[in-house]
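Below is one structure, written out as structure tokens; comments come after it.
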Amino acid sequence: MTALVDTRAEAARAVEQLVEAGITRAEIQIIPGEGAASYTRPTGQSSYDRERDQGGFWASLKHLFLPSQDRYAYAEGMSRGGVVLSVRVDPDELERASAILERNGSVDMEQREAAWRREGWAGYQAGGSADATPATTGARGEQVIPVVEEQLRVGKRQVIKGRVRVRAYVVEVPVTAEVQLREEHVRVERHPVGRTLTPEEEARLLRERTIEAEERVEVPVVEKVPVVKEEIVIHREAGERVEVVQDTVRRTEVEVEDERGTSSGAGSAR
């Protein structure tokens, strides 16, 4: 993954968060690193000068195998003070790494290039000394004209196409439940008797005493138990597709005009 951020502080934060996410520092590179060649834009110049910066930003991006147009755009961003981050991640870490870079100022290159063009930036121009092969002079004074052909090289870069967000939150809803409750009640009744006590009953009953009877009732006891009702499973499926990229390439056509004629005399000139 390759990303441009505007400041080294943003790059440093992104590196720390990538490491916290489990990506080793060996897989993360800040470009340019310490001691890399610097580039100073001349006053009034609206575009990065690749010819003037040979061996600097342009060369520092060479190992990323970016298309020349992308490499030129990242070099333009670096010439404006930006920093390029290169991260090697496994496919299952791509989304998490992309989110970290996005949180820490990852630049949308298409939008940024459009803004630069409004300021006068011309974009990538093929044919400079980094792209062209000069004419040479061979042995014995021959003139050598190279036949040049552009080749289309299609690279890839990761962009975030969309996002699905599933949020879990807690709400309270009213519920009702029925429970059967039992109640006990004490009733005191008086019944007339008129019976004469025997001496034994008189000794046992004719004294002070207290009897207590308790009334008992059942009351509801509420307990809340968390139960997993269902599960939401998020699947990320990876697939591959073939996309046809159409563009134009330039090449050198060589036309040879032979103006030598054939003599009417003996022999011929060739």
Side-chain angles (χ1 to χ4, degrees), residues 1-30 83 85-108 111 156-195 197-198 200-241:
M1 297 182 60
T2 305
L4 174 71
V5 296
D6 288 323
T7 66
R8 184 169 287 275
E10 290 173 323
R13 282 199 307 270
V15 170
E16 292 304 318
Q17 292 179 23
L18 288 167
V19 171
E20 290 174 1
I23 300 172
T24 61
R25 289 187 182 270
E27 304 298 335
I28 307 170
Q29 185 178 6
I30 297 179
V83 179
L85 276 172
S86 173
V87 187
R88 288 163 51 96
V89 295
D90 294 329
D92 58 350
E93 297 175 320
L94 280 174
E95 186 174 341
R96 180 171 51 176
S98 295
I100 291 173
L101 292 175
E102 195 174 90
R103 286 199 306 269
N104 288 280
S106 176
V107 171
D108 184 319
Q111 293 182 4
K156 298 185 291 184
R157 68 178 176 184
Q158 283 256 338
V159 297
I160 297 177
K161 183 180 179 181
R163 181 178 285 109
V164 175
R165 180 177 291 107
V166 178
R167 184 170 69 95
Y169 56 96
V170 178
V171 298
E172 291 188 358
V173 295
V175 295
T176 59
E178 292 185 356
V179 59
Q180 192 76 23
L181 301 177
R182 183 173 179 274
E183 296 183 352
E184 294 180 355
H185 299 284
V186 174
R187 185 171 70 251
V188 179
E189 297 178 352
R190 302 177 71 126
H191 299 282
V193 178
R195 180 172 59 85
L197 296 178
T198 65
E200 293 80 6
E201 289 178 329
E202 181 180 357
R204 178 169 56 87
L205 299 179
L206 195 59
R207 59 185 179 83
E208 183 177 332
R209 60 178 174 171
T210 302
I211 299 175
E212 292 184 356
E214 295 179 340
E215 291 188 342
R216 296 178 181 270
V217 295
E218 292 179 337
V219 295
V221 177
V222 178
E223 181 183 5
K224 298 179 183 180
V225 180
V227 177
V228 178
K229 182 180 178 182
E230 62 178 329
E231 293 180 336
I232 306 297
V233 182
I234 302 173
H235 295 282
R236 187 173 64 242
E237 298 178 352
E240 293 186 354
R241 61 185 174 88

(message) Within the 4.5 Å heavy-atom criterion, are Val19 and Thr24 side-chain neighbours or not?
(response) no
(request) Supply the atom-to-atom distance Ile28 CD1 to Ser86 OG, rounded to the nearest 0.5 angstrom. (result) 10.0 Å
(message) Can you confirm whether Glu201 sits close enough to Arg195 that some side-chain heavy atom of one is under 4.5 Å from a side-chain heavy atom of the other?
(response) yes
(message) I'd like to know whether Val164 forms a side-chain contact (heavy atoms from CB on, under 4.5 Å) with Ile234, so could you lay out the CA-CA distance, the side-chain angles of the two residues, the decisive distance to 0.1 Å, and finally the verdict.
(response) CA-CA 9 Å; Val164 175; Ile234 302 173; 5.9 Å; no
(request) Look at the side chain of Asp108 and the backbone N and O of Gln111, then say whether any donor-acceptor pair between them is shorter than 3.5 Å. (result) yes
(message) Between Glu10 (side chain only) and Asp6 (backbone N and O only), is there a donor and an acceptor less than 3.5 Å apart?
(response) yes
(request) May I ask you to check whether over 12 heavy atoms, not counting those of Arg103, lie within 6.0 Å of atom CZ? (result) yes
(message) Nearest 0.5 angstrom please: Glu93 CD to Ile100 CD1, how far?
(response) 9.5 Å
(message) Would you say CD of Glu189 has more than 12 non-hydrogen atoms from neighbouring residues, nucleotides or ligands within 6.0 angstrom?
(response) yes
(request) Can you measure from CZ (Arg204) to OG1 (Thr198) and round to the nearest 0.5 angstrom? (result) 7.5 Å
(message) Glu202 vs Arg207, test: salt bridge (Lys or Arg N to Asp or Glu O under 4.0 Å). Steps then yes/no.
(response) CA-CA 9 Å; Glu202 181 180 357; Arg207 59 185 179 83; over 6 Å; no
(request) Might you point out which heavy atoms bring Ala97 and Val89 nearest each other, and give the distance in Å? (result) CB-CG1, 4.1 Å
(message) Can you confirm whether more than 12 heavy atoms, excluding those of Glu95, are under 6.0 Å from its CD atom?
(response) no
(request) Flag the pair Glu27 and Arg25 as a salt bridge only when some basic side-chain nitrogen lies within less than 4.0 angstrom of an acidic carboxylate oxygen. (result) no
(message) Pair Met1, Leu94 - check side-chain contact (heavy atoms from CB on, under 4.5 Å), show working.
(response) CA-CA 8 Å; Met1 297 182 60; Leu94 280 174; 3.8 Å; yes
(request) Heavy atoms only: give me the nearest Leu181-Pro220 pair and the separation to one decimal. (result) CD1-CD, 3.7 Å
(message) If I compare all heavy atoms of Thr7 with all of Val83, which pair ends up nearest, and what's the gap?
(response) C-CG2, 4.0 Å
(message) For Leu101 and Leu18: C-alpha separation, side-chain torsions, deciding distance, then whether side-chain contact (heavy atoms from CB on, under 4.5 Å) applies.
(response) CA-CA 8 Å; Leu101 292 175; Leu18 288 167; 4.3 Å; yes
(request) Quick one: do Val15 and Ile30 satisfy side-chain contact (heavy atoms from CB on, under 4.5 Å)? Show the steps, please. (result) CA-CA 9 Å; Val15 170; Ile30 297 179; 4.0 Å; yes
(message) Going by the rule side-chain contact (heavy atoms from CB on, under 4.5 Å), which residues pair with Arg182 if we only count those two or more places apart in sequence or in a different chain?
(response) Glu184, Glu218
(message) One pair to check against salt bridge (Lys or Arg N to Asp or Glu O under 4.0 Å): Arg163 and Glu102. What are the steps and the verdict?
(response) CA-CA 13 Å; Arg163 181 178 285 109; Glu102 195 174 90; 3.2 Å; yes
(message) To check you understand the geometry: which heavy-atom pair defines the closest contact between Val87 and Ile23, and what is its length?
(response) CG1-CG2, 4.2 Å
(message) Would the distance check show the side chain of Gln17 and the main-chain N or O of Ala14 forming a donor-acceptor pair, the cut-off being under 3.5 Å?
(response) no
